[in-house]
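These values consider heavy atoms only, across backbone and side chains, with no hydrogens, waters or symmetry-generated copies. Throughout, residue positions are numbered sequentially from 1 according to the sequence presented. We count ligands from 1, going down the list as the structure has it; atoms in each ligand are counted the same way.
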Amino acid sequence: MGRHALLSASSSRRWLNCTPSARLEQQFPADEGSIYAEEGTAAHALAEHKLKRLLKKRSRRPVSDYDCDEMEDCTDEYVSFAMEQIEKAKQSCKDPVILIEQHLDFSRYVPEGFGTGDLVIVADVTLFIIDLKYGKGIAVEAEENPQMMLYALGALELFDAIYDIERVSLAIHQPRLESVSTWEITVAGLRKWAEEYLIPRAALANKGQGEFVSGSWCRFCKVRNQCRVRAERASWNWRKWNFASRLCYPMKKLQRY
Ligand code: SF4
């Protein structure tokens, strides 16, 4: 099993918003994994294989218990989107660097921070970071997505000195939701975010300091069932909803007359 970072890119929205959560989670047993995670891994392996074959790289087709028509179609869609992005990169750079399942180290900003980019295309002017999400729960937006911004910082660590990169294009493809979300940020804007927001928040998170803040990021937190702050928010939301529905019911009744 791979090394797991305390401040991982995939959980960054949580530890950036609720900085003590990462250290607190360490006191809870490690996840045993789920069929959804296994299915996602299988889809990524198949997509990687298909993309490599199209790019005339050696690859052996992976086999998994999750192989099915849906996975076949979804990975085809992702690969077709990935190829479109590669063609786009070629418009500004004859010979872009194409990296699949690339290890990206952003530890300059986040202690021991690293992750894996599904597809990184390095061209003059624009760096492309593309992520396949196989889940079908919630559509994930690329705009100000910290996971993608961390990957971009990791890719800039490798290539900024060699290529004349001015902006970063982030794309999340979620074929099961028919969702493609893209967003662009300048390299200067990304570095500003890293200096002014990411570095101080990551330092707090690494020390387990800061304030507990609940929100949609609590959904996959290991602490969620014991967390007082989350419980208080849920209770407040319930009181608000209850109050609003009590107010609305007589109003609706009145409107009938
Ligand atoms: S459940 Fe609690 S500790 Fe976890 S992210 Fe939410 S507020 Fe933070």
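Protein N/O/S atoms closer than 2.8 Å to atom 6 (Fe) of ligand 1, listed by chain and residue number, are C218 SG.
Using a 4.0 Å cut-off between a side-chain N of Lys or Arg and a carboxylate O of Asp or Glu, E232 and R228 qualify as a salt bridge. Between D73 and R176 there is no salt bridge, since no side-chain nitrogen of the basic residue lies less than 4.0 Å from a carboxylate oxygen of the acidic one.
In this view, E184 and R167 satisfy the salt bridge (charged side-chain N to carboxylate O under 4.0 Å, His left out) rule, not counting sequence neighbours.
Applying the side chain to side chain donor-acceptor pair (under 3.5 Å) test to every pair with at least one member in residues 80-100, sequence neighbours left out, gives no pairs at all.
Within the hydrophobic cluster formed by Ile, Leu, Val, Met, Phe, Trp and Tyr side chains joined at under 4.5 Å, directly or through other members, L177 stands alone, with no partner residue.
Between W193 and Y197, the angle of the ring planes lies from 30° to 60°, which puts this pair in the tilted group.
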